[in-house]
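Labels below follow one simple rule: chain letters A, B, ... track the order of the sequence lines, proteins then strands, and each chain is numbered from 1.
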2 protein chains.
Amino acid sequence: MAEPRWLDDREMRAWNGFLAASALVNRRLDQQLKDDAGLSHPQYEILVRLAAAPGRELRMTELANGLINSKSGLTYQVTQMEKAGLVRRRSCPSDVRGVFAVLTDAGSAKLEEAAPGHVATVREILVDVLTPGQLDALADGLGEVGRRLRGEGA
Amino acid sequence: MAEPRWLDDREMRAWNGFLAASALVNRRLDQQLKDDAGLSHPQYEILVRLAAAPGRELRMTELANGLINSKSGLTYQVTQMEKAGLVRRRSCPSDVRGVFAVLTDAGSAKLEEAAPGHVATVREILVDVLTPGQLDALADGLGEVGRRLRGEGA
DNA sequence: GGTCGGCGGTTCGAATTTGAACAACTCCCT
DNA sequence: AGGGAGTTGTTCAAATTCGAACCGCCGACC
């Protein structure tokens, strides 16, 4: 692989823009959530997923696959959140190994408390900055990117 | 802030797509660089910036502002890279406080070694997945997002 | 000239992340 | 039944991250 096709100008701008926005948006989001509700971004994501799940509970593996982080990272976060009373662990009846993470009422309340500020921030830093066309391009293009990265492992 | 404007379907797809792609792309990139060249993504970024800088050196602050991470994070990474011989510190003649990070020949060689594989991965997971129109939308839209997040502090 | 505010980098401690190793268990196949 | 491969979630050590506190120094202002 001596000389690959380097990125041309358009590709470079897109790549750099993506990289920078990715880092900056994530940092800002973390900051806002922590200040506003005392949640880390991963924790917020967990709350959202659980709230949307049937029975407000999900298997650990499903949560981990959702996106978040590695399995061990999830174990850590759920432990933290359990200490804070936001979730509860429940072992799976049909599979002794399995563990459900269950959203508690306190967790649900915390989410409702944090959501408005979070959404406002998301609008402010990203959604309201983009044109409808750009939103569609993000959804389609990055959706496909995500799908591929999920699909094939390595 | 009782009821903000929630995200509609289009906005939600764009936001989720961005979030997922952001996490997945970064993870994949880190992995590839580490396996391929023994570099972390932050370290690669530092090499790139230094290589592009006049005299192949930059002030610590300029590097930190570039994007990467917090000031302390940069100190850490530069220390690691100095141990590995990829960069060198040089104190600024006109300002005793100032420190330049200078790219060494070994650092330059390491970058040339890592770049082809990196670019290939960037193409594979993102650039070649998108249409030209989507590339422009990323560049324009996310470019503006980044600019705003840099411009105004909080 | 003296001094006060701010900048540039590092150091510190705490929190978080990751991959690898591990233990327990399910499922399938013979 | 019995064995083996693949899953599930946790534990572990190591690496990395961040923000806050800190030190020394530049520069402007009185």
Side-chain angles (χ1 to χ4, degrees), chain A residues 22-36 38-46 57-84 87-102 153-154, chain B residues 22-36 38-46 57-84 87-102 153-154:
Chain A
S22 163
L24 292 171
V25 164
N26 274 311
R27 177 136 57 238
R28 167 69 132 225
L29 224 51
D30 242 31
Q31 197 180 353
Q32 184 271 325
L33 279 171
K34 196 120 39 188
D35 292 348
D36 203 43
L39 291 172
S40 67
H41 189 210
Q43 289 177 344
Y44 183 83
E45 282 292 319
I46 291 175
E57 63 181 11
L58 282 174
R59 288 288 288 270
M60 295 296 271
T61 298
E62 295 183 276
L63 266 177
N65 287 348
L67 162 48
I68 325 271
N69 35 17
S70 58
K71 277 186 305 177
S72 45
L74 179 64
T75 294
Y76 174 78
Q77 282 308 113
V78 168
T79 302
Q80 297 306 105
M81 295 173 74
E82 201 170 21
K83 283 180 193 163
V87 301
R88 191 167 48 80
R89 274 182 230 249
R90 183 171 80 78
S91 59
C92 174
S94 63
D95 185 339
V96 184
R97 296 167 306 175
V99 174
F100 281 104
V102 190
Chain B
S22 163
L24 291 170
V25 164
N26 274 309
R27 178 135 59 234
R28 167 69 134 226
L29 223 52
D30 243 31
Q31 197 180 357
Q32 185 271 326
L33 279 170
K34 196 121 37 185
D35 292 350
D36 204 44
L39 292 171
S40 67
H41 190 210
Q43 289 176 344
Y44 183 85
E45 281 293 318
I46 291 174
E57 64 180 11
L58 282 174
R59 289 288 285 271
M60 294 297 272
T61 298
E62 296 183 275
L63 265 178
N65 287 348
L67 163 48
I68 323 274
N69 34 18
S70 57
K71 275 187 306 177
S72 46
L74 179 64
T75 294
Y76 174 78
Q77 283 302 15
V78 168
T79 301
Q80 297 306 103
M81 294 172 74
E82 201 170 21
K83 283 181 193 163
V87 301
R88 191 166 48 79
R89 275 183 228 249
R90 182 171 80 79
S91 59
C92 175
S94 63
D95 185 340
V96 184
R97 297 167 303 172
V99 174
F100 281 104
V102 189

* **Length of the line joining A:Lys34:NZ and C:dA15:C1', which is rounded to integer Å** => 8 Å

* Of all residues at least two apart in sequence or in a different chain, which pass the side-chain hydrogen bond (donor to acceptor under 3.5 Å, both in side chains) check with B:Asp95? -> B:Arg97

* Asked: What is the distance from CD of A:Gln31 to P of D:dC18, rounded to the nearest Å?
  -> 11 Å

* Structure fact -> When A:Asn69 and A:Ser94 are each assigned the nearest nucleotide of DNA chain C, the 5'-most assignment goes to A:Asn69

* Starting at atom NE2 of A:His41, determine the distance to atom C1' of C:dT17, rounded to an integer number of angstrom. => 16 Å

* **Qualifying residues under side chain to side chain contact (heavy atoms under 4.5 Å, CB included), relative to B:Glu57, sequence neighbours excluded** => B:Arg90, B:Phe100, B:Val102

* Asked: Whole Å only: how far is the CZ atom of A:Arg27 from the C1' atom of C:dA15?
  -> 16 Å

* Asked: Expressed in angstrom and rounded to an integer, what is the separation of A:Asp30 atom CG from D:dT16 atom P?
  -> 19 Å

* Asked: Rounding to a whole Å, what distance do you find between A:Gln43:CD and C:dA15:C1'?
  -> 11 Å

* Structure fact -> When rounded to whole Å, the CD to C1' distance for the pair A:Glu45 and C:dT17 reads 16 Å

* Drop me the distance from B:Gln31's CD to B:Arg28's CZ, to the nearest 0.5 angstrom. => 6.5 Å

* Asked: Where the side chain of A:Gln80 is concerned, which of D:dC18, D:dT16, C:dT16 is the nearest nucleotide?
  -> C:dT16

* Structure fact -> In B/S/- notation (B base, S sugar-phosphate only, - none; protein heavy atoms under 4.0 Å), nucleotides 3-13 of chain C written 5' to 3' is ---BBSBBB--

* Asked: In Å, rounded to the nearest 0.5 Å, how long is the span from NE2 of B:His41 to CD of B:Gln32?
  -> 10.0 Å

* Asked: Please give, in whole Å, the distance from C:dA20 C1' to B:Asp35 CG?
  -> 14 Å

* Using modelled atom types only, decide if a donor and an acceptor are shared between the side chain of B:Glu82 and the backbone of B:Arg89 within a distance under 3.5 Å. => yes

* Quick one: pull up CG in A:Leu29 and OH in A:Tyr44 and give me the separation to the nearest 0.5 Å. => 9.0 Å

